[in-house]
2 protein chains.
Amino acid sequence: MSLDGQLPPKMRLLRAAAELLAKSAGASISTRQITQLAGVTAPTLYHHFGDKEGLFDAVVAAGFEEYVAGERDFAPSGNPLVDIRRMWDNHVQFGLNQPELYLVMFGNIRPESRPAIVADAEALMEEMLNKAAVAGQLNVQPREAARSILAANVGVTLMLIAEPAAERNLELSTMTRDAMIFAVSSEQATGAVPEDSGKSSVVVAAIALNAALQASHSDQLSNSELKLFLEWLHRISTSST
Amino acid sequence: MSLDGQLPPKMRLLRAAAELLAKSAGASISTRQITQLAGVTAPTLYHHFGDKEGLFDAVVAAGFEEYVAGERDFAPSGNPLVDIRRMWDNHVQFGLNQPELYLVMFGNIRPESRPAIVADAEALMEEMLNKAAVAGQLNVQPREAARSILAANVGVTLMLIAEPAAERNLELSTMTRDAMIFAVSSEQATGAVPEDSGKSSVVVAAIALNAALQASHSDQLSNSELKLFLEWLHRISTSST
DNA sequence: CTATCACCTATAGCATTGCTATATGAACTG
DNA sequence: CAGTTCATATAGCAATGCTATAGGTGATAG
């Protein structure tokens, strides 16, 4: 098991590191593992990358280029906001496809390299938001909007990565995505909290639901179900407690 | 330089680890550093914590209790959405005050411990959102809203931690915060959302009733009735439109 | 008071880690 | 050819996480 081929050792080291990084589920990997898989000895690594960190930075840089390529590789739809949605989804997908690499890029904080990468990702997002701003679709500075959206994007991706692949619910992503985009693209409230002092109780909520159900013909329940449902609602909403 | 005092070695180890973790700007710290600062030898560490990881888990657990305490220690304002804002701000502040600890808690992903912590933080947020749901202020399931808000909260905090303290602009936090809360709250004055505007009042009412029913065990329905009732409510409140 | 026993801590050392001082080969340049 | 530069290998160092073993301490039982 060695990545021999005729590739130059530098490439073999990069690939070996990337491969081990992808496989090792968060565990740390040793330079000896890397060099052995690359069919190379230690000094070669340090000659080319100076450092273990240097090698990982190179891996991250390569991964980032892949990320950027993904963020650019779709035809502009004409509507910047739609394109931003695609960028968001692509970001999430990249994180789920290469969780370990993503964690090194966005999860860890190595005071040197990370801000650079984040800044680049920000620039990418800002670039697209600029188009939206030109089209009069923004009500915030593109830079602020980009930072905000990217922050939420990273947070969602990290959360999705953290949970078992089986229970991953991408609705978390779309919901947060649309919330953020909506927030920067409409003339939304300034942050004042609506004063709603009336505390609803079970009864109030039941009455509201009762009225709403009868007003709109929801097709989530069959007719007989609906009848029984409404009867129960009535029982609840007329109870004194 | 040793944390002597009369504290038991276990405590001294915890404090030493926490102190070194806080000081070392992201760099890894050795067990020897810890034991030396604690005035203790290696086996003591492994006797009490089994592992370096174990010690760090203990530090994180302590930090998490502090976090939870901060999230609870304010008088409820009466308006759940206001309280959620405070939770958000408190979260960010915690991250900025103890960046290294925060990174271990929310930034790193150690497949074992992290999901547990995130789940607890989610529960905390969901608890508060339940009150909002009862008050009819939510148009999404409290759990989904909690996950979404927490994800954005983590993303923002990570981004703020990553940038130099000098240029930190907390407006990123408030802007994202209000965007998220606005998105999940039912008081959306405008229906200007591109695709699906605010949920119908049926859904809002159903969510409110659902939360209220689960909070207060009404005895208006039998157990079997209640079960079916809740199932229908769930169907209604999760219907897409 | 002694003996026992569980608990806690220390001495010393192992295997693995990241890394390097030095040497050897290859390849180009004059 | 000689010289210089680049690239890789041999061998080994200091630091790391961790442990096998033994010593010390206090409480409890006889």
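Here is the naming used below: chain letters follow the sequence lines, and residue numbers restart at 1 for every chain. Quick caveat: nothing in here was measured; it's all calculated off a predicted structure. Only this structure's heavy atoms are used, side chains among them; waters, hydrogens and symmetry mates stay out.
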Quickly work out the B/Leu20 CG to D/dT16 P distance and round it to whole Å.
-> 12 Å

Between C/dG18 atom C1' and A/Asp51 atom CG, what is the distance in whole Å?
-> 9 Å

Tell me: CZ of B/Phe49 to C1' of D/dG17, nearest whole Å?
-> 16 Å

Do any side-chain nitrogens or oxygens of B/Thr44 fall under 4.0 Å of OP1 or OP2 in C/dC8?
-> no

Using a heavy-atom cut-off of under 4.0 Å over every strand shown, decide if A/Ile29 touches base, sugar-phosphate, or nothing.
-> sugar-phosphate

Given C/dC7, is OP1 or OP2 found less than 4.0 Å from the side-chain N or O atoms of B/His48?
-> no

Think B/His47 has a side-chain N or O under 4.0 angstrom from the OP1 or OP2 of C/dC8?
-> yes

What integer distance in Å separates A/Gln33:CD from C/dT16:P?
-> 12 Å

Got a second to check how far A/Arg12's CZ is from A/His48's NE2, nearest 0.5 Å?
-> 9.5 Å

Considering non-hydrogen atoms only, spot the tightest contact between A/Glu163 and A/Asn169 and give its length.
-> OE2-N, 3.9 Å

Closest-nucleotide ordering on DNA chain D, the 5'-leading residue of B/Pro43 and A/Ala42 = A/Ala42

Ignoring backbone atoms, test whether B/Tyr46 places a side-chain nitrogen or oxygen under 4.0 Å from the OP1 or OP2 oxygen of D/dC18.
-> yes

Using whole Å, report how far CZ of B/Arg12 lies from C1' of C/dA10.
-> 13 Å

Are any of A/Ser30's side-chain N or O atoms less than 4.0 Å away from OP1 or OP2 of C/dT16?
-> no

Taking only the side-chain heavy atoms of A/Lys52 (C-beta and beyond), determine which of D/dC18, C/dC19, C/dT20 contains the nearest atom.
-> C/dC19

For atom CG of B/Leu55 and atom C1' of D/dT16, their distance in whole Å | 15 Å

Minimum-distance nucleotide (side-chain atoms of B/Arg32 versus C/dT11, D/dT16, D/dT19) | D/dT16

Separation of D/dA7 P from A/Lys10 NZ (nearest whole Å) | 8 Å

Interatomic distance, A/Ile34 CD1 vs D/dT8 P [rounded to whole Å] = 16 Å

Roughly how far, to the nearest 0.5 Å, is the CD1 atom of B/Ile29 from the CZ atom of B/Phe56?
-> 3.5 Å

Establish, with yes or no, whether the OP1 or OP2 oxygen of D/dT8 is under 4.0 angstrom from a side-chain nitrogen or oxygen of A/Thr41.
-> no

What's the spacing between B/Asn90 CG and B/Glu71 CD if we round to 0.5 Å?
-> 4.5 Å

Could you walk me through whether A/Lys131 and A/Asp83 pass the salt bridge (charged side-chain N to carboxylate O under 4.0 Å, His left out) check?
-> CA-CA 10 Å; A/Lys131 296 181 188 171; A/Asp83 289 341; 5.8 Å; no

